[in-house]
Student: 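Here you go, one structure.
Computed from a predicted structure; not experimentally measured.
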Amino acid sequence: MVARGIIARTIEHLQEDPLHTEINIVYICSNIDLARQNLERLNVTGNKDITHTSRLTLLATHNRRLDSAEDNLRVPVNLVSLTPDTSFKTGQRSGRSDERQLLFLLLDREFQFTQPQRVAALKILQGSVASFDTFERDVAVFEEKFGDSIDPSILEAFVATINAGEPSIADRLFDLMKKPINDPGRNSAITTLIADLRYELAHASVNSLAPDLVIMDEFQRFTELMDETTSAGELARHLFGHHGTRVLLLSATPYKPYTEADDSGADHYSDFTKTIDFLADGSKLVKSGDVMALLEQFRNAVIEDREATQTMSDLRNLLLSLMCRVERPANSDNTMVRERRSTISGIEPQELLGYAALRRLARELDAQFSVDYWKSVPYFVNFMSNYQFGRKYAATVGSSESRLLDISRVDAAAVRQFAEIEAGNARTRDFRDDTVDTGWEKLLWIPPSLPYLTPGGPFADPNLAQTTKRLVFSSWSSTPPAVASILSYHAEHRLMQGHSSIVPNDPDSLRAIGSPLEYRGSNPQMTTLALFWPMPHLATMSDPLALARDHVDPVDTASFEATVAERLQSTIPRGRETSTATGAQHFYWSWPMHIDREQFDVFDFSSDDQGWIRNVLQSQHDSDAEATDEATSLDPFLTLAESTTTLTDGRIPPDLVEVTAKLAAHSPANCAWRSLKRLRIAPSVAEGDIWGAAATIASGLRSTFNRWQSAVLLRQLYPDLPYWRQVLQYCADGNLQAVLDEYLGQLTPTHDSEPLDVDQIYAIANSAAEAMSLRVGQSLSHDPIDETDNIRFRTHLAVQYGGKSESDDSFRPAHIRHAFNSPFWPFIVISTSAGQEGIDFHPWCHHVVHWNTPSNPVDFEQRDGRVNRFRGHAVRRNLVERHRISILGAHDVHPWTAAYTIPDEDLGGLVPDWIYSGSHKVIRELMPYELSVDGPRLEKSKAGVALYRLAFGQPRQEDLIELLQHRDVDAEAAAAMRLDLTPPSRETTRGQSSTSTP
């Protein structure tokens with residue numbers, strides 16, 4: 001929000017500057033996932049062409065001279081996102097293949113290589129690509145894609161630097177071309193040459209970028225960019241030091257706010273000093289030495305128990321020129337956080353024996369072993385490969401199997417039969433009892449905050465009605481895969497307990513359960529298509545929201561369906577006899593499609609139309625081959641759909657009107673259509689495109705209902721219905737319409753004043769479909785005795801987050817975050833510190849679990865902050881709790897637009913988007929073991945939360961905190977002593993000074 005406002009003001013200001021021909025804004029964040037998450041949010045112009053997520057060395061592929069006509073700006077705007085690891089750090093000296101492909105294009109344009117030179121240059125830049133032909137082909141593809149968009153200013157600057165000096169980099173390149181391939185020094189010379197070419201290309205890119213504004217988000221994660229003595233810092237200095245460039249550093253925790261003497265790799269005072277030096281270096285008003293002198297005065301006053309009011313005032317005035325911070329209200333009536341302590345006490349004797357055996361084995365292996373391994377990682381020996389313990393054990397396999405007899409291992413035989421297995425440790429058991437064992441496996445989505453209809457089926461269970469997702473943080477890297485595996489398997493075990501027959505846990509047997517909603521076979525199941533084929537006319541006349549607006553409480557589903565059936569009665573063929581025979585059942589799909597097409601017929605089933613229809617009806621696929629196969633299988637379905645313009649004679653089912661009413665009201669496609677139509681859509685968007693977007697969302701829901709887990713569940717819940725009717729009933733019971741309204745409202749940009757265009761509509765639809773179609777993950781449980789007992793657990797209800805390099809270009813973390821931020825599976829994400837800073841997890845989660853007690857009090861706030869955010873789940877529930885009637889009573893307005901415009905108490909602009917009091921809180925759950933060091937560790941950490949901010953900017957923070965604790969300084973007294981860095985404008989609007997500090 002801050003960055004977006006600063007960008008908007010910067011663009012507004014520079015538009016009036018006659019000397020500006022373009023506005024360049026650089027957004028730097030720690031990883032690719034964050035860049036993708038935030039870049040679109042920061043685009044205040046609405047022009048989708050201005051944003052680029054790029055490596056610095058690939059910036060030349062973006063021709064940034066944009067036509068400003070589309071966004072009505074005099075000066076075009078460019079918004080570029082970079083990450084430190086991919087842009088400023090040298091990394092692998094030969095770089096990526098696409099970087100070397102670009103280098104070849106630039107060199108070829110400058111030197112106009114002859115054919116022999118071209119071959120020689122390609123071989124030099126081939127790098128780790130195994131085949132010369134492959135690299136040559138890749139270069140050709142790269143040139144076709146980017147050749148016309150090479151930025152000429154970067155090319156010019158790059159060429160100038162590589163031609164400078166004696167010998168120049170260009171001279172070295174041509175010398176290498178002449179060297180024979182078997183020359184002993186050739187390979188090392190090539191590596192050095194490529195590294196130098198990449199470095200000069202990065203410099204040329206930085207210098208040509210000439211940013212007006214640089215934003216460094218969560219900058220504490222890459223402070224090396226602020227240090228000119230490093231190569232990354234020296235390169236970044238060119239970015240910051242351009243004339244007229246402004247730098248904005250953003251972070252809720254800009255430096256480790258509190259560190260203890262034994263914290264390795266972290267020092268608050270050192271990091272704080274570097275930050276102040278960097279900020280003061282760009283200021284004409286503040287010297288860093290003056291700041292440090294006042295901080296020393298404050299420390300002396302605290303130590304000597306003297307008044308420090310004037311010192312704090314002087315320090316505040318000085319620091320406000322460099323930094324500011326806005327806090328959420330600390331008032332207990334307004335706080336959104338509630339702490340819950342779940343003490344672990346039910347430890348089984350066998351678990352204690354397992355711990356003793358692990359200790360003995362650790363001594364024999366001379367391996368490190370902490371009791372926290374046993375407390376935190378279920379089935380530790382199956383997931384210990386990340387630890388020294390596991391590596392040392394692996395080296396002794398064959399001689400130590402007998403020592404594992406008392407240690408809990410995953411029962412592979414039980415897993416292969418979907419039999420019950422133990423939780424693995426007491427903490428996992430308690431967490432499982434509080435989540436999966438309450439029936440979470442019966443929910444395919446989180447219940448809506450604003451239900452329109454009375455919940456039914458599993459959604460009527462009071463234990464499930466208030467379900468929110470769980471975000472779990474652990475200090476140990478093996479906890480996420482282990483806990484995700486055990487919880488996901490337990491959900492499958494519970495599902496299979498109610499299955500009609502015993503099914504082995506293997507791929508062939510699970511395929512036999514079926515994917516019941518496939519578009520396959522010579523005899524198409526057209527009722528499947530009817531579920532996912534939007535019928536706008538029927539959808540409009542059967543909207544549950546329209547009826548719910550006139551009721552205080554959710555509407556009875558049976559009454560609602562009866563109302564819809566009454567409206568449909570006149571459309572049913574008159575004078576037809578009824579029949580329950582199979583031959584009459586085609587009317588269940590043909591009649592609804594027929595009467596809908598009489599009112600809404602935007603395509604004529606031409607070859608072009610059919611290609612488009614196939615595309616939007618398909619589910620998300622892992623390969624082009626799968627997509628092509630399904631597209632071909634849709635042909636007989638579309639042939640039958642086209643035939644519904646005329647209707648055959650014959651008997652009709654006696655319940656045709658009732659079933660048609662259910663299809664109209666609850667089908668995934670019709671729910672998606674209504675949700676899209678509630679959005680603010682530009683008049684230029686064709687009805688056919690809204691139909692296509694609705695079908696796209698429905699295809700994602702087809703993926704949800706097509707999983708074998710869903711099939712098993714629905715067949716248990718509604719055993720007397722065919723599967724397509726089971727889907728309808730589940731959508732009715734689970735208020736799918738209300739869920740999609742709430743979800744698509746979240747996916748819609750909150751900041752855009754313009755209606756959504758067709759690209760934005762499809763972007764929302766594709767985003768939703770991708771979340772619903774998240775591929776099932778896998779986690780390997782390695783049996784330390786017998787590799788044939790290794791198990792690949794499916795992870796779906798619970799998943800791990802991260803685990804790879806934070807700069808990894810893999811989309812997997814982004815996909816998991818995207819799905820978790822939807823109402824659909826996964827319901828539990830388990831993360832290490834990878835998810836602790838800067839990632840949003842709040843849309844459908846307001847419950848954070850501290851699997852281990854954080855050693856640093858700051859971790860509490862950082863982790864809470866992942867779910868205590870803008871328009872979070874708890875805020876929405878509290879709004880409905882207090883204003884349901886007002887929200888629904890705002891006719892012709894999206895209910896979730898109405899919810900956030902309700903006036904209420906003033907808390908400095910944070911209400912209702914960030915804070916809204918009510919019974920729903922952000923839960924901070926702590927899980928200490930009874931009678932263990934967890935208790936004292938927890939109390940120490942919590943005490944530090946109240947006092948650590950008094951040690952702001954101080955060396956030896958631990959000593960100062962101990963002194964304050966010895967004096968019994970309580971939270972109220974500490975608040976009075978805190979340094980207040982609330983922005984002055986905030987003070988003016990609120991009429992009082994906040995008691996907050998960094």
Side-chain angles (χ1 to χ4, degrees), residues 1 37 328 334-340 434-435 438 440 443-452 455 459 462-473 675 734-736 738-748 750 767-768 771-772 797-799 801 816-831 835 839-850 862-884 887 894-900 902 904 910-925:
M1 296 292 287
Q37 171 183 293
R328 292 184 175 90
N334 294 315
T335 182
M336 290 294 296
V337 179
R338 176 185 295 155
E339 186 170 290
R340 178 173 124 185
D434 190 46
T435 53
T438 64
W440 279 24
L443 301 182
L444 299 182
W445 53 75
I446 296 294
S449 304
L450 182 64
Y452 307 147
F459 294 91
N463 292 322
L464 298 176
Q466 299 303 321
T467 301
T468 188
K469 295 190 178 187
R470 297 289 202 275
L471 178 61
V472 181
F473 286 104
S675 289
N735 268 276
L736 178 63
V739 171
L740 289 183
D741 286 354
E742 188 172 355
Y743 180 40
L744 297 197
Q746 291 173 327
L747 294 179
T748 304
T750 58
S767 180
M772 300 164 185
L797 185 82
V799 299
Y801 180 82
I816 289 172
R817 175 182 57 80
H818 184 53
F820 187 74
N821 287 345
S822 80
F824 305 96
W825 287 14
F827 286 178
I828 302 167
V829 157
I830 308 102
S831 177
I839 303 292
D840 292 347
F841 289 111
H842 65 290
W844 294 86
C845 173
H846 59 88
H847 193 133
V848 175
V849 179
H850 299 273
Q862 286 185 329
R863 294 174 179 184
D864 293 346
R866 298 311 97 225
V867 300
N868 191 9
R869 302 185 73 77
F870 183 75
R871 299 188 176 182
H873 199 199
V875 165
R876 297 200 308 278
R877 286 179 158 178
N878 287 335
L879 281 167
V880 172
E881 183 178 72
R882 194 183 303 184
H883 299 291
R884 176 184 172 87
I887 293 170
H894 193 291
W896 287 104
T897 300
Y900 292 109
I902 296 171
D904 212 40
L910 297 177
V911 171
D913 294 302
W914 291 85
I915 299 168
Y916 204 77
S917 58
S919 64
H920 300 281
K921 302 290 186 181
V922 171
I923 303 300
R924 174 196 291 164
E925 183 173 8

Student: What distance do Ser449 atom OG and Asn735 atom CG have between them, rounded to the nearest 0.5 Å?
Tutor: 11.0 Å

Student: Passes side-chain contact (heavy atoms from CB on, under 4.5 Å), Leu444 versus Trp825? Steps please.
Tutor: CA-CA 7 Å; Leu444 299 182; Trp825 287 14; 4.3 Å; yes

Student: Return the set of residues passing side-chain contact (heavy atoms from CB on, under 4.5 Å) with His842 (not counting sequence neighbours), or none when no residue passes.
Tutor: Asp840, Val867, Arg869

Student: Go through the structure and list residues passing side-chain hydrogen bond (donor to acceptor under 3.5 Å, both in side chains) with Glu881, not counting sequence neighbours.
Tutor: Ser919

Student: Tell me, please, which residues at least two apart from Ala768 pass side-chain contact (heavy atoms from CB on, under 4.5 Å).
Tutor: Ile697, Tyr743, Leu744, Leu747, Met772

Student: Go through the structure and list residues passing side-chain contact (heavy atoms from CB on, under 4.5 Å) with Ser831, not counting sequence neighbours.
Tutor: Phe473, Tyr801, Ala834

Student: With sequence neighbours left out, write down each residue that passes side-chain hydrogen bond (donor to acceptor under 3.5 Å, both in side chains) with Trp896, or none if nothing qualifies.
Tutor: none

Student: With sequence neighbours left out, write down each residue that passes salt bridge (Lys or Arg N to Asp or Glu O under 4.0 Å) with Arg877, or none if nothing qualifies.
Tutor: none

Student: The criterion is side-chain contact (heavy atoms from CB on, under 4.5 Å); which residues satisfy it with Thr467, sequence neighbours excluded?
Tutor: Trp440, Leu443, Ile446, Pro447, Leu464

Student: Looking at residues at least two apart in the chain, or sitting in another chain, which of them share a salt bridge (Lys or Arg N to Asp or Glu O under 4.0 Å) with Arg863?
Tutor: none

Student: Listed by chain and number, what are the side-chain hydrogen bond (donor to acceptor under 3.5 Å, both in side chains) partners of Glu925, not counting sequence neighbours?
Tutor: Arg340, Ser342, His847

Student: Checking Arg866 now: which residues fulfil salt bridge (Lys or Arg N to Asp or Glu O under 4.0 Å) with it, not counting sequence neighbours?
Tutor: none

Student: My understanding is that only residues two or more places apart in sequence, or in another chain, count here; which of them pass ring-ring contact (aromatic ring centres under 6.0 Å, His included) with His920?
Tutor: none

Student: Name all residues meeting the side-chain hydrogen bond (donor to acceptor under 3.5 Å, both in side chains) criterion together with His818; count only those two or more places apart in sequence or in a different chain, and write none if there are none.
Tutor: Ser767

Student: I'd like to know if the side chain of Lys469 reaches the main chain of Asn821, judged simply by a donor and an acceptor atom lying under 3.5 Å from each other, with no hydrogens or angles considered.
Tutor: no

